[in-house]
2 protein chains.
Amino acid sequence: MPRQVDHEGRRLRIARAVFDLVAERGLEGATLRDAAARAGVSMGAVQRCFSTKEEMMAFVLEHMNQRVTDRIEEGIAASADPGSAMTMLEHTLAGIVPLDGPSTAEARVWLAFAAQAAVDPRSAGLQRRQYDRLAELVALLVRTARDSGDVRSDVDPEREADALIALTDGLNVQLLFGRFTPEAAREALRHRLHALRAD
Amino acid sequence: MPRQVDHEGRRLRIARAVFDLVAERGLEGATLRDAAARAGVSMGAVQRCFSTKEEMMAFVLEHMNQRVTDRIEEGIAASADPGSAMTMLEHTLAGIVPLDGPSTAEARVWLAFAAQAAVDPRSAGLQRRQYDRLAELVALLVRTARDSGDVRSDVDPEREADALIALTDGLNVQLLFGRFTPEAAREALRHRLHALRAD
DNA sequence: ACCGTTTCGATGCGCTTGCATCGGATCGTA
DNA sequence: TACGATCCGATGCAAGCGCATCGAAACGGT
């Protein structure tokens with residue numbers, strides 16, 4: 001057998017490089033050559049790790065979603081009162097809004113993929129699945145908070161979850177345009193959640 | 001003097017063609033050749049109408065924003081009670097959310113340009129100016145509605161306007177993903193506005 | 001120690017892109 | 001009617017793209 005290299009590690013390394021490129025120059029700014037150069041590998045290596053560019057991009061998207069999920073769970077675990085559904089809800093949504101440099105890059109990449117999903121059904125499917133999972137989680141949190149008396153009893157968890165997610169995405173866009181500061185976005189989110197509270 | 005052709009009309013014609021292409025295939029799917037073919041003119045004509053592709057795209061964006069503005073004003077004028085700030089507010093926001101085929105195309109193009117603006121400061125400037133104008137209008141409507149007693153007195157017009165715009169943009173994204181129906185989006189918007197009403 | 005097998009990095013290819021260029025058609029003028 | 005200035009549409013061009021291909025290098029089995 002010939003020597004083995006760490007394929008999975010290389011995939012991650014390339015994915016990170018592509019992520020950076022997309023965050024800086026957008027989706028069409030991420031070429032195979034640039035990705036290879038940024039990752040410090042040859043172009044052939046990129047081709048061997050991913051059968052096609054589309055697969056590479058899908059991997060990058062999945063990898064980013066995984067990172068966001070990890071950060072959300074981390075934020076929930078590190079919160080003062082992890083058991084409270086309301087706290088978990090706030091951390092979940094706050095984990096999506098970019099509050100610092102790295103997550104701003106995430107938001108940029110998210111927007112780039114979102115634009116692609118709007119015209120490419122294949123890409124839309126991936127995004128939609130992610131959103132369905134997120135909406136389920138948020139709806140569950142809202143329902144739990146409602147049942148425990150933290151939020152008003154007349155809110156519909158599913159509808160409210162979708163509305164909250166929409167608001168979060170919209171805040172992301174405003175942030176990327178530079179019309180919002182991260183603090184203002186977080187404040188808007190907080191304000192919205194506060195309006196759900198039971199009196 | 002040689003014969004004159006309708007330059008401005010041709011610009012509009014090409015802009016409409018580019019708009020359709022972007023709505024169908026995204027920003028990078030709009031090439032000069034395809035634009036010329038779709039508009040039914042030669043490629044040279046496109047080059048003479050717009051000095052560069054960037055200028056053409058900026059014109060397309062401006063043209064679309066103008067169309068949206070026109071539709072909003074039209075909706076306000078056609079509403080049952082044009083004088084009511086609350087009605088105007090609802091029509092303004094509803095004019096942004098895509099409720100039918102043509103405005104879905106608008107939303108697609110909007111998202112495409114939004115993604116570009118996230119990585120291109122030049123494009124971000126254009127978008128930001130548009131949003132500032134929209135935010136001013138919405139804030140004014142909210143303030144008017146508040147002062148006339150239609151909405152609760154404890155809402156901050158500027159903050160609320162930004163939040164409403166963010167929600168609208170988020171709904172647009174969800175719509176494009178196919179997670180929302182236009183009716184559900186409109187319902188969510190209505191629900192949110194209803195929550196602002198004075199009891 | 002040798003060789004077959006497998007993986008590596010580099011180069012080539014066909015294609016498309018935005019933009020520049022050029023001959024020919026067009027119209028006012030004398 | 002002949003001319004010259006002007007504008008039109010088609011073609012050319014250099015660059016960049018994704019992907020295919022290829023010789024060389026690196027191992028394990030015998």
Side-chain angles (χ1 to χ4, degrees), chain A residues 1-61 109 112-113 115-116 119-120 122-123, chain B residues 1-61 109 112-113 115-116 119-120 122-123:
Chain A
M1 283 283 261
R3 84 187 172 106
Q4 279 296 61
V5 294
D6 184 7
H7 265 169
E8 197 54 35
R10 183 122 82 177
R11 276 168 75 95
L12 284 174
R13 181 186 178 83
I14 294 172
R16 241 183 297 264
V18 173
F19 175 89
D20 290 343
L21 285 173
V22 174
E24 288 171 14
R25 305 185 228 163
L27 262 192
E28 63 265 29
T31 73
L32 291 185
R33 287 166 228 272
D34 291 347
R38 176 68 77 107
V41 301
S42 76
M43 194 172 145
V46 176
Q47 291 185 261
R48 220 167 305 99
C49 283
F50 303 99
S51 66
T52 180
K53 191 189 180 182
E54 182 182 343
E55 187 211 328
M56 182 178 80
M57 288 312 205
F59 182 80
V60 171
L61 177 59
V109 176
F113 277 108
Q116 190 188 50
V119 293
D120 173 30
R122 198 177 181 81
S123 189
Chain B
M1 284 281 260
R3 83 187 172 107
Q4 279 296 59
V5 295
D6 184 6
H7 265 166
E8 197 54 34
R10 183 122 81 176
R11 277 169 74 95
L12 284 174
R13 181 186 178 82
I14 295 172
R16 240 182 297 265
V18 173
F19 175 88
D20 290 343
L21 285 173
V22 173
E24 288 170 14
R25 305 183 228 162
L27 262 193
E28 64 266 28
T31 72
L32 292 184
R33 286 165 227 272
D34 291 347
R38 176 68 78 106
V41 301
S42 77
M43 194 174 144
V46 176
Q47 290 185 262
R48 217 165 305 100
C49 283
F50 303 98
S51 66
T52 179
K53 192 189 179 182
E54 182 182 343
E55 188 210 328
M56 182 178 79
M57 288 312 206
F59 182 79
V60 171
L61 178 58
V109 176
F113 277 108
Q116 190 188 51
V119 293
D120 173 29
R122 199 178 182 80
S123 188

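Throughout, a chain's letter reflects where its sequence line sits, starting with A, and its residues are numbered from 1. What you see is a predicted model; the values in this text were computed from it and never measured.
In this structure, B/Met57 CE and B/Phe19 CZ are separated by 12.5 Å, a value rounded to the nearest 0.5 Å. To the nearest 0.5 angstrom, B/Arg48 atom CZ is 13.0 Å from B/Arg11 atom CZ. In this structure, B/Glu28 CD and B/Gln116 CD are separated by 10.0 Å, a value rounded to the nearest 0.5 Å. Taken from CZ in A/Arg33 to OG in A/Ser42, the straight-line distance is 12.0 Å, to the nearest 0.5 Å. We find the CD1-CG distance between A/Ile14 and A/Leu21 to be 11.5 Å, quoted to the nearest 0.5 Å. Note: B/Arg38 CZ to B/Arg16 CZ = 13.0 Å, rounded to the nearest 0.5 Å.
No side-chain donor-acceptor contact under 3.5 Å links B/Thr52 to the backbone of B/Glu55.
The two residues A/Ala23 and B/Val119 make their nearest non-hydrogen contact at O-CG1, 3.6 Å.
Shown for residues 34-54 of chain B: residues whose heavy atoms fall under 4.0 angstrom of DNA chain C, namely B/Met43, B/Gln47, B/Thr52, B/Lys53. Contact check of residues 14-25 of chain A against DNA chain D (heavy atom, cut-off under 4.0 Å) returns no residues at all.
The B/Arg33 side chain lies nearest to D/dG12 when the options are C/dC8, D/dG12, D/dC8.
A/Glu55 has its CD atom 15 Å from the P atom of D/dG18, to the nearest Å. The distance from atom CG of B/Leu32 to atom C1' of D/dT11 is 15 Å, rounded to the nearest whole Å.
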